[in-house]
Amino acid sequence: MKSIAALHDVVTPWSDGLEPSDAELDAIETEMPVVLAEVELLDALIAMLDRPASEFDGRRVRRAHQRVLTARRDAANRAAGTQVSGDAA
């Protein structure tokens, strides 16, 4: 009977290529504003789960949603090669 540990090296051999490349790290850094804006939106939505929504909560969610849209627009413009500032709208 073969143990799982013996099969582990066959399934996922260790290699030096497991670290992200510079290009992958640059892509992560480029996407970070979108990720942070989405996390802020999720935080606002999660805060409303355990209590009735107030006017303040609604404004917080709308602002967070607008930040997500702005971050996505800016990321799309950067990917297309067009530089647009985030606060120019």
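Scope of the values below: all heavy atoms of this structure, side chains included, with no hydrogens, waters or symmetry mates.
With sequence neighbours excluded, the residues satisfying side-chain contact (heavy atoms from CB on, under 4.5 Å) with Glu24 are Pro20, Ser21.
Remark: the backbone N or O of Ser54 is paired with a side-chain donor or acceptor of Asp57 at under 3.5 angstrom.
Here the closest heavy-atom approach between residue Ala75 and residue Val34 is recorded as CB-CG2, 3.9 Å.
Rounding to the nearest 0.5 Å places CZ of Arg63 at 13.5 Å from OG1 of Thr70. Here Arg60 contributes atom CZ and Glu55 contributes atom CD; the two are 15.5 Å apart, rounded to the nearest 0.5 Å.
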**OP:** Could you go through the side chain to side chain contact (heavy atoms under 4.5 Å, CB included) check for Arg73 and Asn77 one step at a time?
**Re:** CA-CA 6 Å; Arg73 181 200 64 208; Asn77 286 339; 3.8 Å; yes
Show which side-chain atoms of residues 35-50 pair as donor or acceptor with protein atoms under 3.5 Å away, not counting sequence neighbours.
unit_1: Glu38; atom_1: OE2; unit_2: Arg72; atom_2: NE; d: 3.4
unit_1: Glu38; atom_1: OE2; unit_2: Arg72; atom_2: NH2; d: 2.7
unit_1: Glu40; atom_1: OE2; unit_2: Arg67; atom_2: NH1; d: 2.4

